[in-house]
Amino acid sequence: MGSRRGAAERRRTKPAVIGSVAAVVVAGAGFGAYAMYGGGADGEDSARTKSAAAPENVKSGPLTAAEVTSTAQRFLTAWQQGDVAGAAAATDDAEAAKALLAGYTKDARIKDATFTAGTPAGEKVPFSVKATVAYEKAVEPLAYDSALTVVRRDGDGEPRVDWHAAVVHPELRDGDKLVTGKAGDPPVKALDRNGAEITAAKYPSLGTVLDGLRDKYGKKAGGTPGVELRAVRGKSTEDGKGAKESGAGEAADKTLLELSKGTPGTLKTTLDPALQAAAEKQVDGKKGASVVLLRASTGEVLAVANGGHGFNTAFLGSLAPGSTMKVITASMLLEKDLASVNEKHPCPKYFEYGGWKFQNDDKFEIKDGTFKASFARSCNTAFISQAPELKDDDLTRQAKEVFGLSMNNWSVGVSTFDGRVPVQSKAQMAASLIGQGGVRMNPLNMASVSATVKSGSFHQPYLVAPSVDGRALATASRTMSGETLGALRELMSYTAAYGTAAEAMAGVGGDVGAKTGSAEVDGQEKPNGWFTAYRGDLAAAGVVQQGGHGGDTAGPIVAALLKAGG
C-alpha cells in the first residue's frame with residue numbers, strides 16, 4: 001500500500017486495531033487539548049523514522065502504559081503544533097504519515113483543530129477532533145472521533161504509532177486522502193423504482209451505493225456541485241477481504257462534510273422500497289452479512305444490503321463462494337455427460353487429486369447414491385472426482401460463456417466486482433470446482449447465478465436502467481440446452497425441498513430452488529456461510545462472513561427476502 005510494508009513483514013507485539021470509536025472521554029491518562037494552527041513546518045527529519053539503525057539492545061515484550069501514553073502524546077502534540085515531520089517520526093511509517101498529515105491542512109483545509117484524548121485501552125488510544133474547515137468564504141465546524149494504536153517498531157522495538165490513514169480520519173483507508181474544494185461530482189437525488197427519494201438515513205446499507213451513484217452519474221444527472229470535504233479514494237483502496245484483487249471494484253469517494261450545498265440531479269434506480277426495507281431488517285446487527293435480490297427475468301436489482309455499512313461487500317466483495325459454486329460446476333458436468341441427475345455418482349469420504357486429499361464435511365460418504373443426492377447433500381468428492389476428466393480451463397469457460405462471470409465487463413450503475421474464475425491446474429483446479437482455490441464471488445454474482453438458472457439465460461444485473469445513459473449491458477455467449485437446464489433446476493429444487501437448504505426454505509412456496517455453501521478462510525475459526533436461491537421470478541444470494549454453514553446463517557436471510565417478494 002504505497003510505500004508501506006506488507007502486514008506480513010511487520011513484527012508487532014499486538015495486531016493493529018484502528019478505527020472509529022465511541023464518545024471519547026475527555027482528558028484521560030495525562031493528555032489534554034491542544035490547539036492546532038495549521039501549517040506544515042518541518043521539524044525533525046526522516047532520520048527519526050523506522051529506517052534508523054537498530055540499537056544494540058532491542059526493546060521487546062508488551063508495551064507499558066507509560067510507553068503508550070508518551071508515544072501517543074508525542075504524536076498528537078507534534079501534529080497539533082504543525083510539526084508534521086515530528087508527528088510522522090512518532091509513527092512506524094514516517095513517509096506515508098508525513099504525506100497525509102501535511103495534506104490535512106494543505107489539501108483538506110482543516111485549521112484550529114483541538115484533539116482530546118480519551119482513556120487508553122491497552123495499546124489503543126481514542127481521541128476526538130474538533131476543528132474548522134474553510135474554503136474561500138465557506139466555513140463549517142468539523143467534529144469526529146478516531147483512534148491510534150501503539151506498537152513496537154521493527155528493528156529496535158521502540159514504541160511508535162502504528163500508521164494507517166484511519167488515524168487521521170476513520171473513513172480513510174490506506175492510500176486515500178482528505179480534500180476540500182468544489183466537488184467534482186454534483187450531488188445526486190436517487191429515487192427508488194416508485195419515485196420516492198432514497199437516503200442513507202432511511203436505508204443505512206445504501207450509503208456506499210449512493211456514493212457510487214454520485215461517482216457514476218453526478219455529472220450526468222443535471223446537478224451542480226457544492227463545496228465539500230471528501231475522502232478521495234486512492235488506487236490502493238481495499239476492504240481487507242480480497243476486493244483489491246484483479247477485477248475487483250473500487251469504493252467511491254465519500255463526502256464527509258458539506259460546506260455549501262450543490263444542486264442535486266435526479267436519478268431513478270430499480271430498488272423496491274418494501275424489499276429494500278426487508279433486506280435492511282435481515283442484515284441489521286449482523287456485521288458480516290450481505291444480501292442481494294434480483295428480478296431473474298431482467299436482472300433488475302430490487303434490494304441490496306450489508307450488515308457492515310463501511311464497505312459494499314454485496315457488490316464489491318471478493319470471497320470464495322464455497323459450495324454455491326457447485327451450481328456452475330454441476331451445469332458443466334451435466335453438459336459433458338460426466339453426471340446425470342438420477343444415475344449413480346461417486347461420493348467417497350476422500351478423493352486425492354494433484355497431491356491434495358479432499359474430503360467431505362464430517363468425512364461423510366454416500367454409498368451407491370445418485371448425483372442428485374450428492375448435490376443436495378453438498379458432497380465435495382462427487383465433484384472433485386471428476387477433475388481428472390476436465391481441462392484446466394473448462395470451469396472458467398463455463399462461468400464466462402453461460403453465466404456471464406469473470407469477464408470484468410458488467411455495467412450495473414455503480415462499481416462492482418464481477419466474479420473471478422481463473423484458469424488453474426491440478427489441485428487448485430479441483431478446489432475451484434467446489435468454490436475454493438482461486439474462485440471469488442459476492443452476493444451479486446451468486447444471485448445472478450440463480451437468476452440464470454431460473455430464467456434460462458444470463459441477464460446482467462443492473463441498478464440503473466441502461467436507457468438512462470445508453471450504456472450496453474454485458475452478455476453471455478451461449479445458453480444451456482433445455483435438457484441441462486431442466487436437470488439443473490431439478491437439482492436445485494430437490495436441494496430446497498430435501499437437501500441442505502430445506503430448513504431455511506421451509507415455508508417458501510412456489511417454484512423454488514436453492515444451494516448452500518460454506519467457504520474456509522485462512523485465519524478464521526468459522527467458514528463464511530453462503531446461500532443462493534430463486535422463487536418465481538426472484539433470485540437472491542447472501543453471505544455471512546465467519547457465520548458457519550450457509551443453511552443456518554445466510555439461508556434464513558435469503559429465504560426471508562424471497563418470502564417478502566410475494
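Note that the coordinates shown come from a computational prediction; the quantities given were computed from them, not determined experimentally.
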Any donor-acceptor N or O pair under 3.5 Å, side chains Glu300, Thr298: yes
Steps toward side chain to side chain contact (heavy atoms under 4.5 Å, CB included) verdict (Met325, Leu395): CA-CA 10 Å; Met325 186 68 185; Leu395 186 64; 4.0 Å; yes
Close side-chain approach of Leu405 to Val449, heavy-atom, < 4.5 Å: yes
Heavy-atom check, side chain of Met492 versus side chain of Thr495, under 4.5 Å: no
Leu485 CG to Met480 CE distance, which is reported to the nearest 0.5 Å: 5.0 Å
Full working for side chain to side chain donor-acceptor pair (under 3.5 Å) between Lys326 and Thr329: CA-CA 5 Å; Lys326 291 173 183 173; Thr329 306; over 6 Å; no
Heavy-atom neighbours of Arg397 CZ exceed 12 at 6.0 Å: no
Gap between atom NE2 of His549 and atom CZ of Phe531 - 0.5 Å precision: 13.5 Å
Sidechain-backbone polar pair: Asp393 side chain, Thr396 backbone, donor-acceptor under 3.5 Å: no
Lys NZ or Arg CZ of Arg440 over Phe417 ring: under 6.0 Å, within 45°: no
Worked verdict on Leu334 versus Leu491 for side chain to side chain contact (heavy atoms under 4.5 Å, CB included): CA-CA 11 Å; Leu334 291 166; Leu491 292 174; 4.1 Å; yes
Val232 backbone acceptor or donor facing Asp253 side chain under 3.5 Å: no
Side chain to side chain, Pro461 and His459, heavy atoms closer than 4.5 Å: no
Spatial distance of atom CG (Leu271) from atom CD1 (Ile198) [nearest 0.5 Å]: 4.5 Å
Interatomic distance, Arg377 atom CZ to Asp361 atom CG [nearest 0.5 angstrom]: 9.0 Å
Under 3.5 Å side-chain donor-acceptor pair for Asp176 and His169: no
Donor-acceptor side-chain pairing of Asn306 and Asn312 below 3.5 angstrom: yes
Salt-bridge contact Lys336-Glu389 (side-chain N to carboxylate O under 4.0 Å): no
Rounded distance [0.5 Å steps], CG in Asn528 versus CD in Glu520: 9.0 Å
Side-chain H-bond candidate by donor/acceptor type, Glu335 with Gln398, under 3.5 Å: yes
Check ion pair Lys202-Glu197 (N to O, under 4.0 angstrom): no
Derivation and outcome, side chain to side chain donor-acceptor pair (under 3.5 Å), residues Gln424 and Ser432: CA-CA 8 Å; Gln424 296 185 290; Ser432 295; 2.7 Å; yes
Side-chain donor-acceptor contact under 3.5 Å, Glu228 with Thr255: yes
Any donor-acceptor N/O pair, Thr324 side chain to Pro321 backbone, under 3.5 Å: yes
Positive for side-chain hydrogen bond (donor to acceptor under 3.5 Å, both in side chains) with Thr532, one of Ser448, Ser323, Ser450: Ser450
Presence of salt bridge, Lys216 and Asp469, under 4.0 angstrom: no
Short side-chain to backbone donor-acceptor contact, Ser493 and Arg489, under 3.5 Å: no
Derivation and outcome, side chain to side chain contact (heavy atoms under 4.5 Å, CB included), residues Val327 and Val453: CA-CA 9 Å; Val327 175; Val453 176; 3.8 Å; yes
Backbone of Val439 reached by a side-chain donor or acceptor of Arg420 within 3.5 Å: no
Arg471 side chain to Ser411 side chain, donor-acceptor N/O pair below 3.5 angstrom: yes
Tyr353 side, atom OH; Gln428 side, atom CD - distance, nearest 0.5 Å: 12.5 Å
Tyr350 atom OH, over 12 foreign heavy atoms within 6.0 Å: yes
Ring center gap for Phe383 and Phe351 short of 6.0 angstrom: no
Close side-chain approach of Leu473 to Val412, heavy-atom, < 4.5 Å: no
Residues Val414, Phe315; criterion side chain to side chain contact (heavy atoms under 4.5 Å, CB included); working and verdict: CA-CA 9 Å; Val414 295; Phe315 281 7; 3.6 Å; yes
Gln386 vs His345 side-chain heavy atoms within contact, under 4.5 Å: yes
Gln524 atom CD: more than 12 heavy-atom contacts under 6.0 Å: yes
Flag for Ser378-Lys515: side-chain donor and acceptor within less than 3.5 Å: yes
Flag if over 12 foreign heavy atoms under 6.0 Å of NZ, Lys189: no
Lys254/Asp211 salt bridge by N-O under 4.0 Å criterion: yes
Under 3.5 Å: donor-acceptor pair, side chain of Asp418, backbone of Asn409: yes
Polar contact flag, side-chain donor to acceptor under 3.5 angstrom, Ser297-Asp537: yes
Side-chain donor or acceptor of Trp410 paired with backbone N/O of Gly404 under 3.5 Å: yes
